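I have placed the structure first, in the form of structure tokens, so that the comments after it can refer back to it.
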Amino acid sequence: MPKCTINGKEVEVKDGQTIMEAFKKADEPIAHYCYHPGLSVAGVCRLCICDIEGNPRPQIACNTTVTEGMKVSTKSDKVKEGVKWVLDFHLINHPLDCPICDQAGECGLQEQYMAFGKYEPEMAEKKVKKHKVVDLGPTVVLDSERCILCSRCVRFTEEVSKTNELGIFNRGDRSEIGCVEGKSLDNKYSLNTVDICPVGALTSKDFRFKQRVWYLKDSDTVCNGCSTGCNVKVYFNKEGMFRVKPVHNEQVNGYWMCDEGRNIYQFANKENRFEKGIKKLGGASLETMLPGALAKELHQLVKSGKDQTAVVLTGQYTSEEYDSFIGTLSKEFGIKKVYHWNQNEKQMGDFDGLLIRGDKNPNTKGLLKVFEKHQIKTEWQDLEKSLESKSIKNLIVAGPENLSVFADMDSKLALFSKAENLIWLGAAKVEALTSDSGKVKNKNIFVIPLKSFVEKEGTFVNHSGLEQKFKKATTILHETLTLTEVAILFAGKNLTLPSAVEKPAFVESQRRSDQVQLEHRKKNEFVFKRGTL
Amino acid sequence: MSIVQNSAQKSKWYLPGVIGGLGITMKHLLKNLISKKSMQTINYPEEKYEYGPRFKGNHILTVKKDGSLRCTACMLCATNCPAECIKITASENPDPKVEKFPISYEIDILRCVFCGFCEEACPVDAIRLGPEWQTPGLSGSNFTYDINHLAYRPALKGGIQSHVDDEERHKEGI
Ligand code: SF4
Ligand code: SF4
Ligand code: SF4
Ligand code: SF4
Ligand code: FES
């Protein structure tokens, strides 16, 4: 365990760690592009130079191992001058497209230039023109002029996705990133290259030109795309959600996430959601109402038919919601017929070796745990049988949020059609429920829109049993409910709104001494107590 | 107890003030009769005042030689606008040399304070504040100006070209 001094701070690192890691540990800033903690060391950008005491020339921090008693600094004029020139070399052929570059605002070049830039370029030659708007594959677009050849993307396809699609072609200032002959950047993790590209050379087709990044707010949450439960950041503003990026968590996803998980923002957006409660009685036409009011109204229905009521739950909700939903319904009405709708029973154990798992629900483990807690042991076949024999009249279904992973939707809807009353809880807009397609044949249909995973807080238990708590990121639809709230309303109780202030802010003691007294105000009299004006 | 002080005592001194005011009015009347040129007012709307060339009136989106918009939809103007009245929707242009362009560009002119910050922010001289300032509308008319109005309204005679020439810039290698 060698000790070293970084800019005057003493830190101890593990054997074999580099100066770069010591800098990270000491929380000292150091310029760098090609170094990425999740990839091998390339040492190609030469931006991370630092002074090592006793060494006549600056060294690169990312590829130099720490030795005992090393004294490293980036504060000397020599290093500062060096970084400045290295940066200027990077910019010799850089187009400075910032106004139309999607990376602007979160660009490594911009950031480093603010800190170390030369600001007076001395380059008199013309810039080398390279390819722009190169289609690398179904998800990524390349702009060769912006690329600084840090080789992060190449190393990613080589080491992480192990698909080897990318390479650097040509030499010198004509070098360009490109796909190997006959291949295109088409793998399940391709969009990670966009994240790790420190400049705007690789951009995501999905996010391209949708928003400038400075208009977006972000918030950490857990991906609900599969049972891995990658830690992610969602980016949103008042127009909706726009993209998802991975957040580092060594235990779960490392630095990466899959491309499929990046689409989870879409089903949280307004256009893919039920916005209002919907009631369809008999053959009558649709009636929309506030979700809360509809849930309250259904209290009677659930109460009167409590022995003929069954609940179907998908693995898409938080543990807290399951607990209170099952708990409330069994306590209030004694409903114990709770079934688990598992859409991918056969692929449950699948794993691609990196992140993607066959169980496409974020919280199957959590649901099973809650079942255990409430001693619910039910079989799906029982539900099928009792629906067949019409012994179930009311069916409450907490449906999927992420429709794309529910391939058995149509067959399940046909099954659910056998109940007289279908109470559908869910965020995703299921067209079949409200259209006249004839797929859903229940006599009465009630739809209560729920909150999506970014609009509530809770816990997901991932495939390995790790409990991951997440907080609310934003609100997209204000009137929607959580399962917990639905349960309370079903039970005939009221939702109490937490009041922001305990006591009213305007209390007696805060009254100005010359305040007009209430009695006088009632009589519309103005009596000033200041004596003379 | 009253709030307003009774100034009945002072009120008889209003006459000198009134007469003084009248005097000033008469002075200007006589002056204007003698030399019409130095008159301070004009007969609006028959006569119109010529503002200086830097006057900031209604916006113009400039166009390229081929008549397409110069704007690259970088949204710097929208970011800089203190009234938040610019709304741009960007999209991918089929021409890779252009790459990004606005498919809609709207200015809510009633919110605009004509500060000219958008003009200053624009890196490609794509938006300018022009000389027009009389743009009334009947009730119900649309005060959200779109690309059609901003770049191609009849008064602009097919669009205003910027003096910054892209082709020359490209030849220079910038
Ligand atoms: S990569 Fe960075 S510096 Fe280069 S054009 Fe894009 S935002 Fe500007
Ligand atoms: S495309 Fe981006 S990540 Fe790849 S080498 Fe160029 S700058 Fe680095
Ligand atoms: S003139 Fe000022 S207020 Fe008006 S659009 Fe431009 S920046 Fe906004
Ligand atoms: S700043 Fe100029 S180029 Fe950018 S969006 Fe506004 S008008 Fe268009
Ligand atoms: S970060 Fe060390 S050489 Fe690039």
Side-chain angles (χ1 to χ4, degrees), chain A residues 91-105 107 110 121 123-135 141-146 173 200-201 203-216 237-240 242 514 516 525-533, chain B residues 1-7 61-62 64 68-82 84-106 117-127 162 164 166-174:
Chain A
L91 285 169
I92 284 178
N93 290 320
H94 195 83
L96 291 180
D97 284 338
C98 307
I100 55 158
C101 179
D102 258 357
Q103 191 86 359
C107 171
Q110 289 181 334
M123 190 66 191
E125 301 297 312
K126 284 186 182 173
K127 297 199 175 210
V128 177
K129 297 276 169 190
K130 292 184 192 171
H131 297 99
K132 288 184 96 74
V133 205
V134 186
D135 191 355
V141 180
L142 164 74
D143 187 311
S144 288
E145 287 185 348
R146 293 178 200 154
D173 62 359
T203 43
S204 146
K205 274 191 190 166
D206 185 39
F207 181 65
R208 224 167 128 82
F209 305 155
K210 289 261 176 71
Q211 282 287 329
R212 298 314 313 247
V213 294
W214 56 83
Y215 289 138
L216 296 173
N237 63 19
K238 60 176 187 289
E239 287 167 41
F242 288 93
D514 57 345
V516 179
E525 261 177 24
F526 291 90
V527 178
F528 291 90
K529 289 195 158 182
R530 271 186 238 172
T532 53
L533 282 173
Chain B
M1 196 191 307
S2 85
I3 302 163
V4 184
Q5 202 182 1
N6 189 350
S7 49
L61 286 181
T62 58
K64 295 181 204 159
S68 61
L69 284 187
R70 278 190 71 84
C71 173
T72 60
C74 69
M75 313 210 187
L76 295 185
C77 50
T79 307
N80 213 19
C81 175
E84 294 185 12
C85 61
I86 306 182
K87 190 163 179 276
I88 306 167
T89 313
S91 184
E92 184 109 33
N93 196 301
D95 180 2
K97 274 210 181 115
V98 181
E99 213 173 327
K100 194 179 179 187
F101 80 120
I103 47 173
S104 103
Y105 189 115
E106 287 174 351
F117 282 9
C118 46
E119 190 181 27
E120 271 174 51
C122 184
V124 291
D125 188 23
I127 190 162
S162 165
V164 186
D166 297 305
E167 274 162 37
E168 272 167 32
R169 262 180 55 225
H170 283 306
K171 265 187 229 139
E172 288 288 307
I174 322 174

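Only a predicted model underlies this, so the values are computations on that prediction, with no experimental measurement involved. Numbered from 1 within each chain, the chains take letters A, B, ... in sequence-line order.
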Inset, instruction - Could you tell me whether the side chain of B/Glu92 reaches within less than 4.5 Å of the side chain of A/Val141, counting heavy atoms only? - result: no
Legend entry - B/Phe117, CZ: over 12 other non-hydrogen atoms inside 6.0 angstrom: no
Atom [atom1] of [X] and atom [atom2] of [Y]: how far apart are they, to the nearest 0.5 Å?
X: B/Lys100; Y: A/Asp97; atom1: NZ; atom2: CG; result: 11.0 Å
X: B/Thr89; Y: A/Lys210; atom1: OG1; atom2: NZ; result: 12.0 Å
X: A/Lys132; Y: B/Glu99; atom1: NZ; atom2: CD; result: 6.0 Å
X: B/Ile103; Y: A/Phe209; atom1: CD1; atom2: CZ; result: 12.0 Å

Inset, instruction - With a 4.5 angstrom heavy-atom cut-off, could you sort out which part of B/Thr72 is near chain A: side chain, backbone, both or neither? - result: both
Inset, instruction - Select one option (side chain, backbone, both, neither) describing which atoms of B/Pro123 are under 4.5 Å from chain A's heavy atoms. - result: side chain
Inset, instruction - Provide the closest heavy-atom pair for A/Ile100 versus B/Val98 in the form atom of the first, atom of the second, distance. - result: CD1-O, 4.4 Å
Inset, instruction - May I ask you to say whether B/Lys87 pairs ionically with A/Glu239, meaning some side-chain N is under 4.0 Å from a carboxylate O? - result: no
